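Scroll down for the structure; my scribbles are underneath it.
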Amino acid sequence: MVVLISGNGSNLQALIDDIAEHKIAAEIVAVISNKKDVYGLERAAQADIASHVVSHKDYATREDYDTQLNSVIASYSPDLVVLAGFMRILTPWFVEQFTGKMLNIHPSLLPKYKGLDTHQRAIDAKDEVHGASVHFVTPELDGGPVVLQSKVPVYSDETASQLASRVQEQERQMYPLVVRWFCQKRLLMLNNKAYLDGNEIPSTGYAPD
Ligand code: GRF
């Protein structure tokens, strides 16, 4: 698999750790970041994984950027592309290169709070429950079929960053699990729907309760 990051890389680390512990039968062949000097690149180096910086600042248009990103990824012929905190909107053309082979983790209970600032938005809305979703990537931003969600309670006096850190703790559990299912060939996307072991996954993800 190829993992795309933009920052800290804690989800990347969770994958590295589970692969090292043989919980996921796969190899991360490359890590790509759109930002230089982020800690996720250091994590890749420590795990001896090839890494590339493809900076969005070097390309005039989104199309040019995605063309270059696609060619770096394609040079590895990955079976799976994992977006792990990759903070870029992707063109439909790019997404279509990896239909059914690209996963993302989003810090909300989709379809709630697509886009940014999800934790603050959950607090502002006085939601009692918040969480994260792993989904297949389709051209619609944060709109592909959900595979798994994890929920956390929202406490009345907490800040967005306290809430974020509790959500991220869940993310580090759930993303490797979904990647494991994919690598075991138990998980697939067909006609915009996700299936696990041949069963259609409900729109709120496997194990909605
Ligand atoms: C995660 O909360 C993810 O859901 C969001 O960005 C954050 C990335 O964290 N898209 P990390 O870089 O994996 O630590």
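Keep in mind the model is a prediction, meaning the values are calculated, not measured. Remember, it's 1-based here, ligands and their atoms both numbered in the order they're listed.
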message = Checking the N or O distance criterion of under 3.5 Å, is ligand 1 in contact with His106?
response =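 No, there is no polar N/O contact under 3.5 Å.
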inquiry  = Any nitrogen or oxygen of Gly9, side chain or backbone, less than 3.5 Å from one on ligand 1?
reply    =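 Yes, at least one N or O pair falls under 3.5 Å.
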Selection from Glu171, His119, Met87 by shortest heavy-atom distance to atom 2 (O) of ligand 1 =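 The option holding the nearest heavy atom is Glu171.
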ask   = For Asp117, what residues pass the side chain to side chain donor-acceptor pair (under 3.5 Å) criterion, not counting sequence neighbours?
value =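 Partners of Asp117 by the side chain to side chain donor-acceptor pair (under 3.5 Å) criterion come out as none, since no residue qualifies.
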query = In terms of residue, atom name and distance, what is the protein heavy atom nearest to atom 6 (O) of ligand 1?
reply =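 For atom 6 (O) of ligand 1, the nearest protein heavy atom comes out as Gly85 CA, 3.7 Å.
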task = Would you mind checking which non-hydrogen protein atom is closest to atom 14 (O) of ligand 1, with the distance to 0.1 Å?
result =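 So the nearest neighbour among protein heavy atoms is Ser10 OG, 2.5 Å.
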ask   = What do you reckon, does Ile105 put a non-hydrogen atom under 4.0 Å from ligand 1?
value =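 Under 4.0 Å: yes for Ile105.
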inquiry  = Distance under 4.0 Å to a non-hydrogen atom of Gln168: what atoms of ligand 1 satisfy this?
reply    =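 Under 4.0 Å from Gln168, ligand 1 has these atoms: 2 (O).
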ask   = Do Tyr76 and His52 pass the ring pair (Phe, Tyr, Trp, His ring centres under 6.0 Å) test, and can you show the C-alpha distance, the side-chain angles, and the key distance before you say yes or no?
value = CA-CA 12 Å; Tyr76 288 95; His52 303 262; 5.7 Å; yes
message = Are Met189 and Val82 linked, directly or through intermediate hydrophobic residues, by side-chain heavy-atom contacts shorter than 4.5 Å (ILVMFWY only)?
response =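 Yes.
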inquiry  = Do Met1 and Ile49 land in one hydrophobic cluster if side-chain heavy atoms of ILVMFWY residues count as linked below 4.5 Å?
reply    =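 Yes: a chain of side-chain contacts under 4.5 Å links Met1 to Ile49.
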ask   = Do His106 and His135 have ring centres separated by under 6.0 Å?
value =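 That pair fails the under 6.0 Å test.
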message = Please determine whether a side-chain nitrogen of the Lys or Arg among Arg172 and Asp17 lies less than 4.0 Å from a carboxylate oxygen of the Asp or Glu.
response =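 A salt bridge is absent here (no side-chain N lies under 4.0 Å from a carboxylate O).
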